[in-house]
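Notes to accompany the following structure.
Since the model is a prediction, treat every value here as computed from it, not as a measurement.
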Amino acid sequence: MLSAEILNALQSEVAQDCAAFLPELILCGGIVLLLLLRMFSGLDRLHLGWVALLVTGGALAASYSQWRGCCLTSPEQFSSTFGRSELFAGMLVYDWFTVYLRLFLLS
């Protein structure tokens, strides 16, 4: 029973981490999509910049929804409400500056 509780907690933690990491996951998925589309000979001469633009727009929309959800308040209020959380066992940090920097770089 203890291993089932640990597994459920781990699955919940990974799901929350992936939700915070969503814009990067969208970009990675778009890169894989572009690489797969290049494998088809019919699309070899087709310019796929519009696909890259759509994927970047999707990542920007995901970042903006995170901004509206957690960072629309002041940084001090965000820190007291949400705090600085660490994702993926402390390998990444998620705070208001992370969301702001994502918006800046994607736009």
Return all side-chain donor-acceptor pairs below 3.5 angstrom for residues 9-28, not counting sequence neighbours, or 'none' if the list is empty.
| from | atom 1 | to | atom 2 | distance (Å) |
| --- | --- | --- | --- | --- |
| Asp17 | OD2 | Phe88 | N | 2.9 |
| Glu24 | OE1 | Arg102 | NE | 3.3 |
| Glu24 | OE1 | Arg102 | NH2 | 3.3 |
| Glu24 | OE2 | Arg102 | NE | 2.9 |

Quiz item: Applying salt bridge (charged side-chain N to carboxylate O under 4.0 Å, His left out), which residue pairs with at least one partner in residues 53-66 are found, sequence neighbours left out?
Solution: none
Quiz item: Shortest non-hydrogen contact from Tyr64 to Leu103?
Solution: N-CD2, 3.7 Å
Quiz prompt | Nearest-0.5 Å distance that lies between atom CH2 in Trp96 and atom CG in Leu101 | solution = 10.5 Å
Quiz prompt | Remaining members of hydrophobic cluster (4.5 Å side-chain criterion), Val93 | solution = none
Quiz item: When Ile, Leu, Val, Met, Phe, Trp and Tyr are grouped by side-chain heavy atoms lying under 4.5 Å apart, directly or through other members, which residues fall in the same group as Ile31?
Solution: Leu35
Quiz item: Can you list the other members of the hydrophobic cluster that holds Leu7, where links are side-chain heavy atoms under 4.5 angstrom apart?
Solution: none
Exercise. Specify the closest pair of heavy atoms between Tyr94 and Thr98, including all atoms of both residues, with the distance to one decimal.
Key: CA-OG1, 4.0 Å
Side-chain donor-acceptor pairs of residues 46-55 under 3.5 Å, sequence neighbours excluded:
| from | atom 1 | to | atom 2 | distance (Å) |
| --- | --- | --- | --- | --- |
| Trp50 | NE1 | His47 | O | 3.3 |

Quiz item: Do Phe104 and Trp67 sit in the same hydrophobic cluster, where Ile, Leu, Val, Met, Phe, Trp and Tyr count as joined when their side-chain heavy atoms come under 4.5 Å apart?
Solution: yes
Quiz item: Between Ser63 and Leu106, what is the shortest heavy-atom contact and its length?
Solution: OG-CD1, 3.5 Å
